[in-house]
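Step one of this worksheet: look at the structure below.
Every chain is numbered from 1, with letters handed out A, B, ... down the list of sequences.
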There are 2 protein chains.
Amino acid sequence: MENNYLTILGFIAATFTTISFVPQVIKIWKTNETSSISLEMFLLFSFGVILWFIYGILKKDLAITVANLFTLVMSSYIIYKKINSKKV
Amino acid sequence: MENNYLTILGFIAATFTTISFVPQVIKIWKTNETSSISLEMFLLFSFGVILWFIYGILKKDLAITVANLFTLVMSSYIIYKKINSKKV
């Protein structure tokens with residue numbers, strides 16, 4: 001039972017750290033502006049997220065696994081836009 | 001033993017997602033520029049990080065606990081600068 005509460009807490013935590021990327025993605029989508037965003041941040045972050053994803057799978061921790069998969073999609077979009085806006 | 005390897009993987013993952021904030025903090029520190037950063041992202045993210053921190057403590061998971069504490073410090077700095085640069 002205690003483990004169930006922990007899983008729920010993990011899911012809520014994961015929901016927040018994951019959906020947090022949505023307003024950033026929307027902001028970039030709308031403005032096409034990424035000047036103050038650090039490319040290095042999102043590259044390092046995404047690599048870490050890939051490792052967290054693997055960690056979640058190996059530890060059979062659903063909250064960590066699913067959250068990091070979604071985060072990876074959004075941070076990849078930010079990296080894509082950052083690199084593209086640099087070309088302009 | 002398998003759990004030891006997992007802990008090491010967790011620490012490496014944590015190191016990347018945590019140090020990823022360093023180049024963003026440095027960039028903001030140097031340029032004082034936060035226009036394309038989403039305040040909502042870092043507010044939601046920081047709240048999620050606080051929950052991950054609690055999750056780490058309750059699950060006695062050192063990698064998650066320590067990583068999220070450091071991340072919180074850096075994301076708080078970004079929020080502070082974002083709010084301040086808005087005032088200008």
Side-chain angles (χ1 to χ4, degrees), chain A residues 2-3 5-61 63-64 67-68 71 74-75 78 81-82 85, chain B residues 2-3 5-61 63-64 67-68 71 74-75 78 81-82 85:
Chain A
E2 200 202 46
N3 235 336
Y5 283 122
L6 267 179
T7 303
I8 292 167
L9 176 61
F11 266 105
I12 298 170
T15 302
F16 274 95
T17 49
T18 301
I19 63 163
S20 72
F21 281 75
V22 175
Q24 184 66 72
V25 163
I26 291 173
K27 192 178 172 77
I28 294 173
W29 182 285
K30 277 183 177 169
T31 63
N32 214 26
E33 224 282 289
T34 56
S35 63
S36 46
I37 284 167
S38 163
L39 177 62
E40 292 75 13
M41 172 183 170
F42 283 94
L43 287 174
L44 290 166
F45 192 81
S46 299
F47 185 70
V49 162
I50 291 167
L51 296 182
W52 274 126
F53 175 69
I54 296 167
Y55 178 89
I57 289 171
L58 295 176
K59 216 168 179 177
K60 295 181 178 66
D61 189 314
I64 294 176
N68 282 288
T71 306
M74 286 186 282
S75 63
I78 295 169
K81 292 297 282 185
K82 178 69 188 177
S85 71
Chain B
E2 200 203 46
N3 234 337
Y5 284 121
L6 268 179
T7 303
I8 292 166
L9 175 62
F11 267 105
I12 298 170
T15 303
F16 275 94
T17 48
T18 302
I19 63 163
S20 72
F21 281 74
V22 175
Q24 184 66 73
V25 164
I26 291 173
K27 192 178 173 77
I28 294 174
W29 182 285
K30 277 183 177 169
T31 63
N32 215 27
E33 224 283 288
T34 56
S35 62
S36 46
I37 285 167
S38 162
L39 177 62
E40 292 74 15
M41 172 184 169
F42 284 93
L43 286 175
L44 289 166
F45 191 82
S46 298
F47 185 70
V49 163
I50 291 168
L51 296 182
W52 275 126
F53 175 69
I54 296 166
Y55 179 88
I57 289 172
L58 295 177
K59 216 169 179 177
K60 296 182 177 67
D61 190 313
I64 294 176
N68 282 288
T71 307
M74 286 186 282
S75 63
I78 295 169
K81 293 297 282 185
K82 179 68 188 178
S85 72

Inset, instruction - Please state whether the side chain, the backbone, both or neither of B:Phe42 comes within less than 4.5 Å of a heavy atom of chain A. - result: side chain
Legend entry - chain A contact via B:Asn32 - side chain, backbone, both or neither, heavy atoms under 4.5 Å: neither
Legend entry - Backbone N/O of B:Ser35 and side chain of A:Ser36: donor-acceptor pair under 3.5 Å: yes
Legend entry - Side-chain heavy atoms of B:Leu44 within contact of A:Val22, under 4.5 Å: no
Legend entry - Residue pair B:Phe16 / A:Gly48: nearest heavy atoms and the distance that separates them: CB-CA, 3.5 Å
Inset, instruction - First locate atom CG of B:Leu39, then atom NZ of A:Lys27, and finally report the distance between them rounded to the nearest 0.5 Å. - result: 9.0 Å
Legend entry - CD1 on A:Ile28 to CE on B:Met41, rounded to 0.5 Å: 9.0 Å
Legend entry - Side-chain heavy atoms of B:Ile12 within contact of A:Phe47, under 4.5 Å: no
Legend entry - Under 4.5 Å from any heavy atom of chain B - which part of A:Lys59: both
Inset, instruction - State the CZ-CD1 distance between B:Phe45 and A:Ile19, to the nearest 0.5 angstrom. - result: 12.5 Å
Legend entry - B:Asp61 CG to A:Ile64 CD1 distance, which is reported to the nearest 0.5 Å: 6.5 Å
Legend entry - Atom group of B:Leu43 that falls short of 4.5 Å from chain A, counting heavy atoms: neither
Legend entry - Atom of A:Trp52, atom of B:Gly10 and distance for their closest heavy-atom approach: CH2-O, 3.6 Å
